[in-house]
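Inspection log for the structure reproduced underneath, given as structure tokens.
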Protein chains: 2
Amino acid sequence: MRDNVGMRISARADYAVRAALQLASSGDGGPLKAEAIADAQDIPHKFLESILNDMRRGGLVVSQRGGNGGYRLAKPADAISIADVIRVVEGPLVSVRGVRPPELSYSGPAESLLPLWIALRSNVRQILEGVSLADVASSQLPAGVAALADAPKAWVNP
Amino acid sequence: MRDNVGMRISARADYAVRAALQLASSGDGGPLKAEAIADAQDIPHKFLESILNDMRRGGLVVSQRGGNGGYRLAKPADAISIADVIRVVEGPLVSVRGVRPPELSYSGPAESLLPLWIALRSNVRQILEGVSLADVASSQLPAGVAALADAPKAWVNP
DNA sequence: CTCTTTTCCTACAGACTTACTAGGAAAGGC
DNA sequence: GCCTTTCCTAGTAAGTCTGTAGGAAAAGAG
């Protein structure tokens with residue numbers, strides 16, 4: 001039985017964003033330990049560790065070992081977008097058959113498929129790059145996004 | 001090395017759309033054989049067969065066996081959207097951790113994540129449901145989509 | 001009825017991805 | 001030295017993705 005594809009947010013990406021939000025909302029009471037985040041957001045501890053590691057390598061968080069170490073955001077929460085987080089843990093936001101749209105080539109009646117994928121990607125970017133960790137953590141989504149989410153139609157499954 | 005997730009259009013979905021476009025553009029010179037489509041679009045023949053089968057079960061195409069059989073669209077090309085095609089071969093357009101957004105529950109600073117995913121999904125739908133096979137086959141994308149695709153920024157990788 | 005064509009169905013296989021878990025080494029503070 | 005917490009390598013069970021193989025069932029032509 002085939003299931004869900006299309007815009008798939010994996011567990012890894014979902015966890016990454018939630019962890020980042022937890023860090024964003026911790027204001028500045030020192031760094032947060034992986035385990036504290038794991039408990040707060042109900043994420044498997046060791047799995048989260050590897051995600052936080054990706055985020056550190058990607059320059060999104062900084063870490064401190066030992067006694068009262070932990071993680072904190074490397075930049076202000078309003079300077080990190082959801083797209084930043086997803087890209088750091090999973091690579092490109094949009095891909096077709098494993099490659100990014102500009103590398104594709106279509107022929108015949110499928111020629112205009114490329115512009116379509118490009119438009120789609122641009123649209124997804126617009127949303128995910130336009131929303132910061134601070135926006136979500138404070139429940140203040142940008143007007144355009146909030147408008148989309150408020151339409152009742154948006155909540156019903158097709 | 002982790003790679004591409006996010007909005008992933010699988011080979012299966014890409015092939016399905018291209019096959020449907022080929023059918024759309026064949027006007028009405030009788031049904032098209034699977035092999036003819038496979039050749040025209042450079043899709044593995046047997047793989048395409050199973051995709052066309054999904055599309056038949058989903059009511060998108062009708063088939064005819066024997067002598068000069070083949071496939072044709074079950075509805076006019078301007079009554080089938082790209083979203084229809086993708087959904088028939090891959091299920092829901094957008095999912096988070098394998099489930100559809102409305103089934104999720106977030107807590108703490110992640111509470112506003114749900115509206116964000118909903119907004120994202122609504123946006124993706126708007127595009128993919130708003131473009132028909134006829135639009136793509138005739139290279140006449142709807143104004144809003146064409147505008148997105150025409151922005152030079154949309155074509156550069158981040 | 002037989003032959004050819006083409007769809008339809010089932011089964012499988014190899015490579016890859018996903019979501020984890022285990023165990024310990026390295027660093028930092030007391 | 002000791003305790004904590006990050007950091008690193010490895011592995012694994014289950015699933016998905018992209019196909020292939022082989023044949024049975026239908027439709028029409030002769």
Side-chain angles (χ1 to χ4, degrees), chain A residues 1-6 8-16 18-19 23 30-39 41-58 60-72 74 86 89-92 95-99, chain B residues 1-6 8-16 18-19 23 30-39 41-58 60-72 74 86 89-92 95-99:
Chain A
M1 214 117 298
R2 192 167 330 283
D3 213 29
N4 67 275
V5 180
R8 134 188 347 218
I9 308 289
S10 63
R12 192 176 184 82
D14 186 54
Y15 292 161
R18 281 157 60 190
L23 290 172
L32 243 54
K33 305 186 213 299
E35 192 142 33
I37 301 174
D39 285 357
Q41 285 292 327
D42 197 42
I43 300 171
H45 169 229
K46 291 295 257 179
F47 193 28
L48 176 61
E49 262 191 17
S50 92
I51 293 168
L52 285 166
N53 239 301
D54 282 355
M55 290 205 259
R56 180 184 51 85
R57 287 195 205 95
L60 255 52
V61 304
V62 292
S63 60
Q64 173 78 4
R65 305 206 231 197
N68 47 354
Y71 299 86
R72 68 183 74 206
I86 296 183
V89 301
E90 315 209 311
S95 73
V96 180
R97 254 164 46 232
V99 310
Chain B
M1 211 118 298
R2 192 168 331 282
D3 212 29
N4 65 274
V5 179
R8 145 200 328 233
I9 307 290
S10 63
R12 192 174 184 83
D14 187 54
Y15 293 161
R18 281 157 60 191
L23 290 172
L32 243 54
K33 304 186 213 298
E35 191 141 35
I37 302 175
D39 284 356
Q41 286 292 327
D42 198 42
I43 300 172
H45 168 229
K46 290 295 257 179
F47 194 28
L48 177 62
E49 261 190 17
S50 90
I51 293 168
L52 285 166
N53 238 301
D54 282 355
M55 290 205 259
R56 181 184 49 86
R57 286 195 205 95
L60 254 54
V61 304
V62 292
S63 60
Q64 172 78 4
R65 307 206 230 199
N68 46 356
Y71 299 86
R72 68 182 76 205
I86 297 184
V89 300
E90 316 207 310
S95 72
V96 180
R97 255 165 44 233
V99 309

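The chains referred to below are lettered A, B, ... by the order of the sequence lines, with proteins before strands, and numbering in each begins at 1. A quick note: this is a predicted structure, and the numbers were derived from the prediction, not measured.
Between A/Gln41 and A/Leu48 there is no side-chain heavy-atom pair separated by less than 4.5 Å.
Contacts of A/Arg57 with the nucleic acid, taken as non-hydrogen atoms under 4.0 Å apart, involve only primed sugar atoms and P, OP1 or OP2. At the heavy-atom level, A/Lys33 lies under 4.0 Å from the strands shown only through sugar-phosphate atoms.
Between A/Tyr15 atom OH and C/dC20 atom C1' there is a gap of 9 Å when expressed in whole angstrom units. The interatomic distance linking A/Asn68 (CG) with D/dT6 (P) rounds to 11 Å, in whole Å. Residue A/Asp54 contributes atom CG, which lies 14 Å from atom C1' of C/dT18 at whole-angstrom precision. Put simply, CZ on B/Arg12 is 11 Å from P on D/dG19, counting in whole angstrom units. In this entry the distance linking OH of B/Tyr71 with C1' of C/dT5 reads 13 Å, nearest Å. Atom pair A/Arg97:CZ and C/dC16:P shows a separation of 17 Å (rounding to whole Å applied). Going from atom CG of B/Leu48 over to atom P of D/dG19 covers 11 Å, rounded to whole Å. Regarding B/Ile51, its CD1 atom lies at a distance of 9 Å from the P atom of D/dT18, rounded to whole Å.
Checking D/dC8, C/dC8, D/dC17 against every side-chain atom of B/Lys46, the shortest atom distance belongs to C/dC8. Comparing D/dT5, D/dC8, C/dC9 by their closest approach to the side chain of A/Arg65 singles out D/dT5. With distances taken from any side-chain atom of A/Gln64 to the nucleotides C/dG29, C/dT21, C/dT6, the minimum falls on C/dG29. Comparing D/dC8, C/dC9, D/dT20 against the side chain of B/Arg56 picks out C/dC9 as the nearest. When the nucleotides C/dG24, D/dG19, C/dC8 are ranked by their closest atom to the side chain of B/Glu49, C/dC8 comes out on top.
Minimum interatomic distance between B/Leu23 and B/Tyr71 (heavy atoms only, all atoms of both residues): CD2-O, 3.3 Å. For B/Arg18 against B/Asp42, the heavy-atom pair with the smallest separation is NH2-O, 4.2 Å. Closest heavy-atom contact between A/Ala11 and B/Arg97: CA-CG, 3.1 Å.
The shortest distance between the side-chain N/O atoms of A/Asn53 and the OP1/OP2 oxygens of D/dT6 is not below 4.0 Å. For C/dT17, the OP1/OP2 oxygens have no side-chain nitrogen or oxygen of A/Arg8 closer than 4.0 Å.
Crowding of A/Asp39 atom CG: a count of heavy atoms from other residues, nucleotides or ligands under 6.0 Å exceeding 12.
Of the two residues near DNA chain C, A/Ala11 and B/Ser63, the one whose nearest nucleotide lies more 5' is B/Ser63.
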